[in-house]
Amino acid sequence: QAYYTKFDPGLFTADGSRIGNYTEQRRGAFFKLGQHISRFGFVSATLRIEEVREISPVIPSENRYELRSFEIHSEVDDLDRTHFPRRGRLSEFKLETFGKVFGGETEFTRWRISYSEYLPIARRFNINAHAFIGGSRSDIPELERFRIGGLDSFEGFNFEELRGAK
């Protein structure tokens, strides 16, 4: 599958004040093979080729690099519905390695584990508890780091206000 994405998130100082936007563009393709395996859920392997471009008007610069990666992914899902589940669990494990051996410009490995559980508390209401942990080497490109902030991850921070390798 081929894709192109363009993203214009905010730039923030260490104290959390907004100083502007930057543009993140990604284009590439991936090839994925997968199968359902008992106890491991849906297991897949993916090869990805991607060009990443970052443009910052605040700090006049343009950063461009190419990524090549191989990913192993496992997803175990026992949600009662795909959209707006009422109960059930969803767990994910992902290990992705980027390398020059695949034709990319940088080498690093990152992993993540996530777990969500939906618990009904009333006839029409439920609670969604979600935990996420991930890690990587600290010398990964800035745009490949883990991001925290916004409605979907940590509501106390602005959208993607914090980034880190772990």
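Values below: every heavy atom of this structure, side chains too, minus hydrogens, waters and symmetry copies.
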Q: First locate atom CD1 of I140, then atom CZ of R110, and finally report the distance between them rounded to the nearest 0.5 Å.
A: 6.0 Å

Q: Tell me, with the steps shown, if T97 and F102 meet side chain to side chain contact (heavy atoms under 4.5 Å, CB included).
A: CA-CA 10 Å; T97 183; F102 305 118; 4.2 Å; yes

Q: Angle class for the F30/Y3 ring planes (parallel below 30°, perpendicular above 60°, tilted otherwise)?
A: tilted

Q: At their closest point, which heavy atom of P120 faces which heavy atom of R87, and how far apart are they?
A: CG-NH2, 3.4 Å

Q: Mind checking whether R64 and E54 have side chains closer than 4.5 Å, heavy atoms only?
A: no

Q: Would you please test E105 and K100 for side chain to side chain contact (heavy atoms under 4.5 Å, CB included) and show each step?
A: CA-CA 6 Å; E105 296 176 5; K100 295 178 182 177; over 6 Å; no

Q: Looking only at heavy atoms, what is the nearest atom pair of Q35 and F42, with distance?
A: N-CE1, 3.6 Å

Q: Taking the side chain as every heavy atom from C-beta outward, state whether F31 and L33 have any pair of such atoms under 4.5 Å apart.
A: yes

Q: For the atom pair CD1 (I72) and OG (S44), what is the distance rounded to the nearest 0.5 Å?
A: 7.5 Å

Q: Taking E51 first and then R53, would you say they form a salt bridge - that is, a charged N and a carboxylate O separated by under 4.0 Å?
A: no

Q: Can you tell me how far the CG atom of L67 sits from the CZ atom of F108, to the nearest 0.5 Å?
A: 5.5 Å

Q: Which distance, rounded to the nearest 0.5 Å, do you find between the CZ of F98 and the OG1 of T109?
A: 8.5 Å

Q: Could you walk me through whether R26 and E50 pass the salt bridge (Lys or Arg N to Asp or Glu O under 4.0 Å) check?
A: CA-CA 7 Å; R26 294 177 181 264; E50 185 174 70; 2.7 Å; yes

Q: Between N126 and I121, is there a donor-acceptor pair closer than 3.5 Å when you use the side chain of the first and the backbone of the second?
A: no

Q: Supply the atom-to-atom distance N128 CG to R86 CZ, rounded to the nearest 0.5 angstrom.
A: 15.0 Å

Q: Report the C-alpha distance between R48 and E96 in whole Å, list the side-chain angles of each, state the deciding distance to 0.1 Å, and finish with yes or no for salt bridge (Lys or Arg N to Asp or Glu O under 4.0 Å).
A: CA-CA 10 Å; R48 181 169 56 131; E96 191 169 18; 2.8 Å; yes

Q: What are the two closest heavy atoms between T23 and K6, and how far apart are they?
A: CG2-CE, 3.7 Å

Q: Do E75 and L90 pass the side chain to side chain contact (heavy atoms under 4.5 Å, CB included) test, and can you show the C-alpha distance, the side-chain angles, and the key distance before you say yes or no?
A: CA-CA 7 Å; E75 182 177 296; L90 175 64; 3.7 Å; yes

Q: Could you tell me the separation between the CG atom of D77 and the OG1 atom of T82, rounded to the nearest 0.5 Å?
A: 7.0 Å

Q: Does Y4 OH have over 12 foreign heavy atoms under 6.0 Å away?
A: yes

Q: Under 4.5 Å between side-chain heavy atoms, hopping through other hydrophobics if needed: is there a path connecting I127 to Y118?
A: no

Q: Salt bridge or not between E71 and K32? Use side-chain N to carboxylate O under 4.0 Å.
A: no

Q: Are the side chain of S74 and the backbone N or O of F40 linked by a donor-acceptor pair below 3.5 Å?
A: yes

Q: If you look at every heavy atom in W111 and S136, which pair is closest and at what distance?
A: NE1-N, 4.4 Å

Q: Return yes when atom CZ of R81 has more than 12 non-hydrogen atoms of other residues, nucleotides or ligands closer than 6.0 Å, and no otherwise.
A: yes

Q: L79 and G88: which non-hydrogen atoms are nearest, and at how many Å?
A: CD2-C, 3.6 Å

Q: Please determine, by modelled atom types, if E117 and Y115 share a side-chain donor-acceptor pair under 3.5 angstrom.
A: yes

Q: Which heavy atom of G103 sits nearest a heavy atom of R68, and at what distance?
A: C-CG, 3.3 Å

